[in-house]
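Step one of this worksheet: look at the structure below.
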Protein chains: 2
Amino acid sequence: MALKNSQPLDPAYLEKLQDYYAEHKVIPSYSVLATLWGISAKSWVSECVRRFEEAGYLDWTPDRQLKPGARFFERRLAHDPVQAGLPNPALADGYDLVTIDDYLIRVPSRTSLVRVKGESMIDAGIHDGDLIVVEQQPNANVGDIVVAIVDNEFTVKYLDREKGTFVLKPANKAFPVIRPRGRLEIFGVMAGLVRRTR
Amino acid sequence: MALKNSQPLDPAYLEKLQDYYAEHKVIPSYSVLATLWGISAKSWVSECVRRFEEAGYLDWTPDRQLKPGARFFERRLAHDPVQAGLPNPALADGYDLVTIDDYLIRVPSRTSLVRVKGESMIDAGIHDGDLIVVEQQPNANVGDIVVAIVDNEFTVKYLDREKGTFVLKPANKAFPVIRPRGRLEIFGVMAGLVRRTR
DNA sequence: CGGTGCACAGAACGATTGTTCGGTAAGCTA
DNA sequence: TAGCTTACCGAACAATCGTTCTGTGCACCG
């Protein structure tokens with residue numbers, strides 16, 4: 001006989017857990033889970049956890065502590081508008097798993113955020129007030145968008161080369177090319193962009 | 001006599017914990033923390049945790065489970081280029097605490113990501129391949145950037161009104177205004193934007 | 001109407017948790 | 001050199017953890 005498949009679980013359970021996690025950044029104990037889910041038996045919590053684990057929403061650390069699984073953070077990356085608005089997140093595909101942090105940040109210890117001032121990079125889709133994700137490093141390649149330190153301020157520009165020296169080119173015809181005298185101090189390279197619109 | 005101040009702790013402890021958290025998304029138990037930190041007495045772990053809590057890096061859930069504190073995720077939001085590149089994250093200010101997820105997402109259960117196709121919104125700084133953070137809701141206001149379902153596909157456009165009916169306006173003169181026949185189906189409202197550039 | 005799953009409850013239990021307390025060795029101060 | 005503080009170890013302990021096993025009531029099915 002084939003393996004018996006477990007029934008799918010109430011999606012509300014997962015949502016409640018995700019909400020709890022969003023608030024506390026931690027997976028609670030079984031007894032807390034029980035009250036969270038309105039269940040009164042830890043044994044049943046255990047079974048539910050087992051199924052969520054089976055489905056990839058929960059996982060275990062090497063020390064057998066419960067932790068979010070690969071699919072725990074997946075936010076519906078909506079490719080297909082057909083039935084996309086359903087409250088029930090159909091288990092099929094159309095998902096991509098990420099926290100946005102993981103999507104943008106590869107090396108946390110070398111990554112900073114810089115807020116953009118002004119419109120000088122607007123043709124590159126970088127607007128006033130946007131946050132630039134910067135990987136700090138002292139050098140970059142021509143064509144990279146870099147964050148440089150000019151006159152004690154951060155500037156976001158394209159890095160280019162003119163007659164052997166580096167220059168900073170804006171993405172806006174109304175702004176001049178910056179030709180630094182002396183060494184060009186590069187803070188880091190742009191790795192991403194974040195904008196909040198409400 | 002004034003309250004006795006605790007000594008600051010080895011910053012390496014915090015980094016190790018942050019790395020562990022980045023990998024597992026969970027705060028480990030004291031015994032795991034002990035091996036993580038190379039400490040052999042849980043009592044000393046307890047003391048270290050107390051100090052991290054005092055400093056705002058750790059906190060407790062209402063059920064007294066250890067969880068990340070307010071400053072645990074703080075990423076340097078670099079305002080001031082002076083000494084910004086220092087490896088030592090000076091404790092002063094210049095910080096803003098956020099995970100990018102928290103910065104962009106207010107209601108996890110109603111939030112989706114939609115990948116943008118094409119250049120029709122380029123004047124709004126929305127490029128091909130960008131991810132739009134969408135708060136799902138069935139209606140919106142004129143002037144909002146909305147994600148609508150047109151011909152079974154997602155479209156990102158400005159919502160506008162013409163002679164009493166809603167229309168979708170691109171932010172690119174090369175594209176036409178969309179005047180839907182029948183009801184306009186709105187998937188949600190744009191709340192943010194994420195772009196990865198490397 | 002009798003069986004068979006399923007969704008849950010409840011008790012019992014050993015393992016693990018975090019706390020408390022006493023101890024020690026090193027370093028600074030007077 | 002005596003005394004205090006600090007960084008850590010180790011043992012003991014009650015509380016809590018997650019597991020396991022045994023019910024129980026309902027729904028469906030023949």
Side-chain angles (χ1 to χ4, degrees), chain A residues 1-18 20-21 23-69 72 88-89 91, chain B residues 1-18 20-21 23-69 72 91:
Chain A
M1 191 183 111
L3 279 176
K4 185 143 53 88
N5 280 351
S6 305
Q7 299 297 108
L9 281 176
D10 191 348
Y13 283 11
L14 183 58
E15 279 176 37
K16 282 181 185 171
L17 178 52
Q18 285 167 329
Y20 183 97
Y21 188 93
E23 185 179 352
H24 295 300
K25 312 287 186 202
V26 147
I27 302 283
S29 74
Y30 281 22
S31 27
V32 176
L33 269 180
T35 65
L36 190 68
W37 287 343
I39 286 174
S40 69
K42 280 195 292 176
S43 56
W44 183 238
V45 174
S46 176
E47 173 63 18
C48 293
V49 165
R50 233 212 65 251
R51 297 189 193 178
F52 279 131
E53 183 211 338
E54 206 173 24
Y57 291 107
L58 289 172
D59 200 357
W60 304 92
T61 68
D63 319 285
R64 283 205 51 83
Q65 191 188 5
L66 199 57
K67 68 164 190 172
F72 188 86
N88 173 6
L91 291 183
Chain B
M1 189 184 114
L3 279 175
K4 184 143 53 91
N5 281 350
S6 305
Q7 298 296 109
L9 280 176
D10 191 349
Y13 282 9
L14 183 58
E15 279 175 37
K16 283 180 184 171
L17 178 52
Q18 284 168 330
Y20 183 98
Y21 189 92
E23 185 179 351
H24 295 300
K25 313 285 186 204
V26 147
I27 302 283
S29 73
Y30 282 21
S31 26
V32 176
L33 269 180
T35 66
L36 190 69
W37 287 344
I39 286 173
S40 70
K42 280 195 294 176
S43 55
W44 182 239
V45 174
S46 176
E47 173 62 18
C48 294
V49 165
R50 234 213 64 250
R51 297 190 193 178
F52 279 131
E53 184 211 338
E54 207 173 23
Y57 291 107
L58 289 172
D59 200 357
W60 304 91
T61 66
D63 318 284
R64 282 206 52 84
Q65 192 188 4
L66 199 57
K67 68 163 191 173
F72 190 86
L91 290 184

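Test E54(B), E47(B), E53(B) against R51(B) for side chain to side chain donor-acceptor pair (under 3.5 Å) and you get one pass: E47(B).
Using a 4.0 Å heavy-atom criterion, one finds that L66(A) contacts no nucleic acid atom at all.
Look at CH2 on W44(A): it is 15 Å from P on dT19(D), rounded to the nearest Å. Taking atom CG of residue D63(B) and atom P of nucleotide dG18(C), one finds them 14 Å apart after rounding to whole Å. Between I39(B) atom CD1 and dC9(D) atom P there is a gap of 7 Å when expressed in whole angstrom units. dC9(D) atom C1' lies 17 Å from atom CG of L33(B), rounded to whole Å. Here the C1' atom of nucleotide dG10(C) and the CD atom of E47(A) are 16 Å apart, to the nearest Å. Spacing between atom NZ of K42(B) and atom C1' of dT17(C) amounts to 6 Å, rounded to whole angstrom units. For R50(A) and dC8(C), the CZ to C1' distance is 15 Å, given to the nearest whole Å.
Distances shorter than 4.0 Å separate some side-chain N or O of Y30(A) from OP1 or OP2 on dT19(D). Regarding contacts with the backbone of dT20(D), every side-chain N or O of S46(A) stays at 4.0 angstrom or more from both OP1 and OP2. At dA7(D), one or more side-chain N or O atoms of R51(B) fall inside 4.0 Å of OP1 or OP2 (strictly under the cut-off). Residue S43(B) places none of its side-chain N or O atoms closer than 4.0 Å to OP1 or OP2 of dC21(C).
Closest contact between the side chain of R64(B) and the listed nucleotides dT19(C), dC17(D), dT19(D) involves dT19(C).
Taking the six-membered ring for Trp and the full ring otherwise, F52(A) and Y13(A) have centroids separated by 6.0 Å or more.
Summarising the geometry of Q65(A) relative to I27(B), their closest heavy-atom pair is NE2-O, 3.0 Å, with the distance given to 0.1 Å.
Atom SG of residue C48(A) and atom CG of residue L14(A) lie 11.5 Å apart, to the nearest 0.5 angstrom.
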